[in-house]
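The analysis underlying the following values was restricted to heavy atoms, covering all of them including side chains, and did not include hydrogens, waters or symmetry mates.
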2 protein chains.
Amino acid sequence: MEPTERKRRHSGRITLNDVARAAEVSPITASRALRGERSVAAELVERVKTAADQLGYVPDPAARALASQRSTQVPVLVPLLSNALFVDVLEAVHRTLLPHGYQTLIGVTHYEPREEEQLLRSYLAHRPAGLLLTGFDRTEAARQLLAGSGVPCVHLMELTQAPGVYCVGFSQIEAGHAITEHLVQRGRRRIAFVAAQLDPRTMQRAEGYRRCLRQHGLYDAKLELLSPQPSSMQLGGELLEDLLRTRPEVDAVFFCNDDLAQGGLLCALRLKIDVPTRIAVAGFNDLSGSDQMVPTLTTVRTPRRAIGEASAQMLLTLMRGSVPPQHSMDLGFEPMIRGSS
Amino acid sequence: MEPTERKRRHSGRITLNDVARAAEVSPITASRALRGERSVAAELVERVKTAADQLGYVPDPAARALASQRSTQVPVLVPLLSNALFVDVLEAVHRTLLPHGYQTLIGVTHYEPREEEQLLRSYLAHRPAGLLLTGFDRTEAARQLLAGSGVPCVHLMELTQAPGVYCVGFSQIEAGHAITEHLVQRGRRRIAFVAAQLDPRTMQRAEGYRRCLRQHGLYDAKLELLSPQPSSMQLGGELLEDLLRTRPEVDAVFFCNDDLAQGGLLCALRLKIDVPTRIAVAGFNDLSGSDQMVPTLTTVRTPRRAIGEASAQMLLTLMRGSVPPQHSMDLGFEPMIRGSS
DNA sequence: CTGAAAGCGCTTACAG
DNA sequence: CTGAAAGCGCTTACAG
């Protein structure tokens with residue numbers, strides 16, 4: 001046995017070397033041909049690709065990551081998976097990145113900047129190809145980790161004009177304003193805002209609600225019901241009951257999320273409170289089931305799949321080393337006026 | 001410049017070498033100490049761990065994967081993300097694996113064995129540490145890829161006694177049987193089965209339904225309404241309307257999934273059909289919102305979070321090279337009898 | 001446009 | 001219990 005034989009650890013895998021040998025070129029040329037680098041003669045590219053196909057060659061991501069100092073992983077950090085909103089975003093991201101050879105990793109932050117910082121620390125050690133983050137609410141340490149890493153990053157859901165920050169979303173404030181305005185236009189005067197979780201985007205919707213009502217001289221702080229508890233249908237029902245008890249004069253409710261609003265609607269049904277005659281109800285996000293409620297739920301349709309896809313596209317551009325046409329991409333929103341208002 | 005200097009590509013990263021130097025041991029010893037291999041003197045382990053902490057060392061997953069021929073990635077293949085069931089499973093898996101240093105990758109098969117085979121092919125190239133698959137319905141090629149890869153694998157949702165197959169789930173047949181039996185016990189005689197998607201597990205529930213009704217001499221094939229369309233609340237409403245039109249004698253419906261059942265309930269509300277007096281309704285899975293419906297939905301609570309956690313634990317054992325106490329883990333189910341039946 | 005050499009940061013296999 | 005050498009499969013940096 002030769003010494004070189006003695007230490008073999010070959011996995012039986014088809015390697016770039018095998019492809020190169022079959023195509024009768026050097027491994028570097030094979031590597032370049034397969035990655036689509038332009039500086040390779042068309043004929044050689046052809047030969048290499050044919051050989052790779054015939055051998056069933058699949059590049060080793062670990063070797064590639066080690067040599068290039070960059071993996072094909074793209075962590076997506078979202079607050080929760082229990083909100084269908086983020087699942088939709090995640091799905092769209094995943095579907096967009098996969099055909100380009102990138103893996104989507106899940107990161108769940110539970111709306112905790114400290115948790116996000118931890119996750120970021122560990123994901124950055126994996127040399128991710130790119131990063132998708134929800135919103136702008138993070139620790140200073142996280143911000144520095146990001147900046148220092150040089151990893152391309154796109155922010156989801158919210159917008160900013162801050163220089164060097166890439167983002168895809170819509171104006172939460174305007175959306176909150178728009179649906180409140182709708183209730184005002186319907187003749188409502190005692191419009192409550194009912195919210196849970198109280199994350200930054202929820203509070204932006206609250207801001208839109210306030211601005212709208214102040215413009216109409218209708219703002220009343222006592223009609224805001226803010227609960228830090230996690231959002232759920234059940235909580236929506238409970239909050240509506242609270243509200244009707246403590247503020248019986250209320251004639252409309254804007255729930256910050258559709259799960260709360262759906263719960264509110266079902267609660268009204270149970271209590272035989274007529275919607276929208278006695279009280280109008282509006283939600284936010286147009287989640288699954290909102291169009292099936294009795295009455296159907298007025299809400300704001302948010303472009304979450306489009307956000308997932310567009311942010312992934314923007315990231316793809318950045319990972320390619322190019323500059324996207326715009327830093328901030330506003331995908332808008334659409335009020336869905338239905339039976340509950 | 002020396003030749004060795006000329007080619008430096010060092011990333012500025014803290015490496016195992018840095019740790020070894022600081023701890024005054026060889027890199028191999030440092031590697032072993034950090035991975036908790038037993039054959040290292042306690043004192044050295046201490047020194048290495050301290051050095052690693054002080055330097056803020058984070059192992060490079062790519063290098064580790066390349067050298068060991070095994071990554072820390074665990075792809076989880078589920079049919080859909082639009083069914084909250086699988087999101088719950090995924091979340092539990094993710095939460096269980098993360099503290100052990102494993103990354104959860106999403107794979108969406110859309111209930112298509114061919115898609116699953118494709119995904120498997122690409123994921124296996126990444127040398128995953130382990131694999132989590134939904135059910136047993138796959139192509140022969142996929143089966144062979146799996147067997148040939150030697151990658152530890154646990155199957156979710158269904159059970160089998162097949163040798164060498166690890167699985168965590170519950171009996172879909174028994175669960176379908178149990179909820180049907182409940183309807184019979186409530187005095188129902190014309191019990192319909194309404195299903196969508198028609199995936200293997202749905203059809204197992206159908207089998208449970210059939211067996212139960214045959215035992216009671218109540219089976220009537222005309223009361224089965226099977227739609228290959230994707231499951232949704234809206235479809236549930238439509239199917240219920242169909243059923244009431246074509247089979248007005250029906251006095252109970254077992255929907256194969258809660259989204260259909262919720263849609264059915266809301267449809268009944270709209271049509272002013274009294275539930276449960278005129279018709280009893282039961283669903284499956286106990287998804288979010290089922291306990292909020294009017295009336296509340298009778299259903300079968302399935303242990304999806306427990307399945308996610310237990311399957312991840314089983315996989316952890318397998319990845320450690322140990323043998324789990326059992327091949328097949330039955331986590332059961334729980335009929336939730338509520339207002340709709 | 002093409003290639004020989006070295007290196008990415010770890011672990012395996014062997015030896016002692 | 002510890003270590004020197006080699007190797008995992010790719011890409012970078014340099015040269016021509």
Side-chain angles (χ1 to χ4, degrees), chain A residues 1-21 23-48 52 55 57-72 101 125-127 129, chain B residues 1-21 23-48 52 55 57-72 101 125-127 129:
Chain A
M1 263 186 186
E2 292 183 276
T4 41
E5 282 298 321
R6 239 177 54 217
K7 291 249 189 170
R8 286 249 96 139
R9 280 195 263 158
H10 197 278
S11 51
R13 191 181 179 108
I14 312 272
T15 70
L16 190 60
N17 258 307
D18 300 328
V19 175
R21 207 171 306 129
E24 298 180 301
V25 297
S26 71
I28 315 89
T29 300
S31 167
R32 287 200 270 249
L34 257 16
R35 275 177 300 139
E37 271 193 24
R38 56 174 84 263
S39 64
V40 182
E43 189 220 328
L44 293 191
V45 172
E46 190 60 29
R47 245 157 64 196
V48 170
L55 295 172
Y57 170 69
V58 188
D60 185 321
R64 180 170 273 182
L66 184 57
S68 69
Q69 307 276 54
R70 188 124 300 182
S71 76
T72 53
H126 288 243
R127 316 174 186 280
Chain B
M1 262 185 184
E2 292 182 275
T4 42
E5 283 298 321
R6 241 177 52 219
K7 291 249 192 172
R8 288 250 93 141
R9 279 194 264 158
H10 197 276
S11 50
R13 192 181 179 108
I14 313 270
T15 71
L16 189 60
N17 259 307
D18 300 329
V19 175
R21 210 172 304 129
E24 298 181 300
V25 297
S26 72
I28 314 90
T29 300
S31 167
R32 286 199 270 246
L34 258 16
R35 276 177 299 137
E37 270 194 22
R38 55 174 87 263
S39 64
V40 183
E43 190 219 326
L44 292 191
V45 171
E46 188 61 27
R47 245 157 65 196
V48 170
L55 294 172
Y57 170 70
V58 188
D60 185 320
R64 180 171 273 183
L66 184 56
S68 68
Q69 306 276 52
R70 186 123 301 181
S71 76
T72 53
H126 289 243
R127 315 173 186 283

Side chain to side chain contact (heavy atoms under 4.5 Å, CB included) partners of [X], counting only residues at least two apart:
X	value
A:Arg21	A:Asn17, A:Asp18
B:Val45	B:Ala33, B:Val40, B:Lys49
A:Ala41	A:Leu44

Using a cut-off of strictly less than 4.0 Å, decide whether [X] has a side-chain nitrogen or oxygen near OP1 or OP2 of [N].
X	N	answer
A:Arg35	D:dT12	yes
A:Thr29	C:dG3	yes
B:Arg32	C:dT11	no
A:Ser26	C:dG3	yes

Closest nucleotide among [options] to the [X] side chain:
X	options	value
B:Leu44	C:dT11, D:dT2, D:dG9	D:dT2
A:Gln69	D:dT2, C:dG9, C:dT11	C:dG9
A:Thr15	D:dC8, D:dG9, C:dT2	D:dG9
A:Leu16	C:dC10, D:dT2, D:dT11	D:dT11
A:Val40	C:dT2, D:dC10, C:dC10	C:dT2
A:Arg64	C:dT11, D:dC10, D:dT2	D:dC10

What is the distance, rounded to the nearest whole Å, between atom [atom1] of [X] and atom [atom2] of [N]?
X	N	atom1	atom2	answer
B:Leu34	C:dC10	CG	C1'	12 Å
B:His126	D:dG9	NE2	C1'	14 Å
A:Ile14	D:dC10	CD1	C1'	16 Å
B:Asn17	D:dA4	CG	C1'	13 Å
A:Tyr57	D:dG9	OH	P	10 Å
A:Leu66	D:dG9	CG	P	12 Å
B:Asp18	C:dC8	CG	P	11 Å
A:Arg70	D:dC10	CZ	P	20 Å

Practice prompt. For DNA chain D, just give me the dot-bracket, please: Watson-Crick or G-U, both distances below 3.5 Å, ( ) intra-strand, [ ] crossing earlier pairs, | paired with another strand, . unpaired.
Written response: |||.||||||||.|||
Worksheet item: Do the non-hydrogen side-chain atoms of B:Asp60 and A:Arg127 ever get within less than 4.5 Å of each other?
Response: yes
Response to the item:
NE2 of B:His126 to OG1 of B:Thr72, rounded to nearest 0.5 Å, is 12.5 Å
Discussion item. I need the A:Glu37 CD to A:Thr29 OG1 distance, nearest 0.5 Å.
Written reply: 10.0 Å
Practice prompt. Report the residue (A:Ile28 or B:Glu24) whose heavy-atom-nearest nucleotide on DNA chain D is the more 5′ of the two.
Written response: B:Glu24
Worksheet entry | Contacts of A:Ser31 that satisfy side-chain hydrogen bond (donor to acceptor under 3.5 Å, both in side chains) - sequence neighbours left out | A:Arg35
Discussion item. Using the side-chain hydrogen bond (donor to acceptor under 3.5 Å, both in side chains) criterion, which residues pair with A:Arg47? Sequence neighbours excluded.
Written reply: A:Glu43
